[in-house]
Amino acid sequence: MEIITGIPDGWPADDAAALAVQDELRDRVVLDEPGPPPGGGLVTGVDVAYDDERDLVVAAAVVLDAATLEVVEEATAVGRVAFPYVPGLLAFREIPTVLAALERLDSGPGMVICDGYGLAHPRRFGLASHLGVLTGLPVMGVAKNPFTFTYEQPGPRRGDSSALLADDGTEVGRALRTQDATKPVFVSVGHRVGLEGACAHTLALARRYRLPESTRHADALCRRALKEVQQAAVQP
DNA sequence: GCGACAG
DNA sequence: ATCTTGTCGC
């Protein structure tokens, strides 16, 4: 469980190289599929935690039964941080280790839900889109912040939503209220799923808390796994 | 030029 | 993301 995922050969070494990769992959995104029907099947939450001191990143993938919200399977992976944090280039920091965690699952992941954005991105190719193109899986993103985008405050009730807008007025996602009187989450499409379906999945997975159960489980697991790795580093 | 900016 | 104590509230 302490195998460290290597950074792939040819991984972008600077911003310019990363921008070129986004430019090359962006038109492989599939946006004309409605995606898997909400409320059933499998959904997999992915998330990462960092230790910048040791240059480590731990990724977690947690598979849930979308109907019952029961955990079906969990996997983690440890890697080297593959890129600095640059707004708009988040994917290059997380993807190698997230892929490693996904590959360690025995079950098929179904639809993947990640922290961050897909279409809602400066070049319309955020983490969720990137992960989708690399895996071929349906992927959507649920973010906690609006990034650089603007939105009208949605209604106060669970299920109320409003458009998340880019500078040019394009709808790149939705601000979706998942609980009464709590801050909305920001949903966007990654790959092979529509915005309506992505919002429906988000609501179905956020019955009780603001964030979907998938991301809550993945977040808890990668933090736990990171702590274990840190303990092992101190006490060999 | 300056500030803002998913995680 | 991460650094960090207590605290208000269901």
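Naming: A, B, ... by sequence-line order, numbering from 1 per chain.
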Under the rule of Watson-Crick or G-U wobble with both distances under 3.5 Å, where | means paired to another strand and [ ] a crossing pair, DNA chain B maps to .......

Touch class at under 4.0 angstrom, heavy-atom based, for A/Asp47 against every strand present:
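Sugar-phosphate contact only.
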
Would you mind classifying the nucleic acid contact of A/Gly88 as base, sugar-phosphate or nothing, using non-hydrogen atoms under 4.0 angstrom?
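The answer is base, as A/Gly88 lies within the cut-off (heavy atoms under 4.0 Å) of a base atom.
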
Answer yes when A/Lys144 and A/Asp219 have at least one side-chain N-carboxylate O distance shorter than 4.0 Å, and no when they do not.
no

Salt bridge or not for A/Arg177 and A/Asp160, using N-O below 4.0 Å?
no

Can you tell me the distance, in whole Å, between the [atom1] atom of [X] and the [atom2] atom of [N]?
| X | N | atom1 | atom2 | result |
| --- | --- | --- | --- | --- |
| A/Glu53 | C/dC3 | CD | P | 9 Å |
| A/Leu127 | B/dC5 | CG | C1' | 16 Å |
| A/Leu89 | B/dC5 | CG | C1' | 12 Å |
| A/His121 | B/dA4 | NE2 | P | 20 Å |
| A/Asp180 | C/dC10 | CG | C1' | 14 Å |
| A/Tyr50 | B/dA6 | OH | P | 12 Å |
| A/Arg123 | B/dA6 | CZ | C1' | 12 Å |
| A/Phe147 | B/dG7 | CZ | C1' | 10 Å |

Should [X] be listed as having a side-chain N or O under 4.0 Å from OP1 or OP2 of [N]?
| X | N | value |
| --- | --- | --- |
| A/Asn145 | B/dC5 | no |
| A/Arg93 | B/dA6 | no |
| A/Lys144 | B/dA6 | no |

Aromatic contact, A/His121 with A/Phe147 (centres under 6.0 Å)
no

Ring centres of A/Phe186 and A/Tyr151 under 6.0 Å apart?
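Yes.
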
Of the options A/His130, A/Arg123, A/Arg124, which is the one that meets A/Gln22 in a side chain to side chain donor-acceptor pair (under 3.5 Å)?
A/Arg123

Side chain to side chain donor-acceptor pair (under 3.5 Å), paired with A/Arg174, selected from A/Ser162, A/Ser188, A/Ser161
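Looking at A/Ser162, A/Ser188, A/Ser161, the match for A/Arg174 under the side chain to side chain donor-acceptor pair (under 3.5 Å) is A/Ser161.
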
If stacking means aromatic ring centre less than 5.5 angstrom from the base's six-membered ring centre, planes under 30°, is A/Tyr85 stacked on C/dA1?
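Aromatic stack with C/dA1 absent for A/Tyr85.
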
For A/Arg28 and A/His191, which heavy atoms make the closest approach, and how far apart are they?
O-CE1, 3.5 Å

Among B/dC5, C/dA1, B/dA6, find the nucleotide with the atom closest to the side chain of A/Thr148.
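Output: B/dC5.
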
Nearest of C/dT2, B/dA6, B/dC5 to any side-chain atom of A/Ala49?
C/dT2

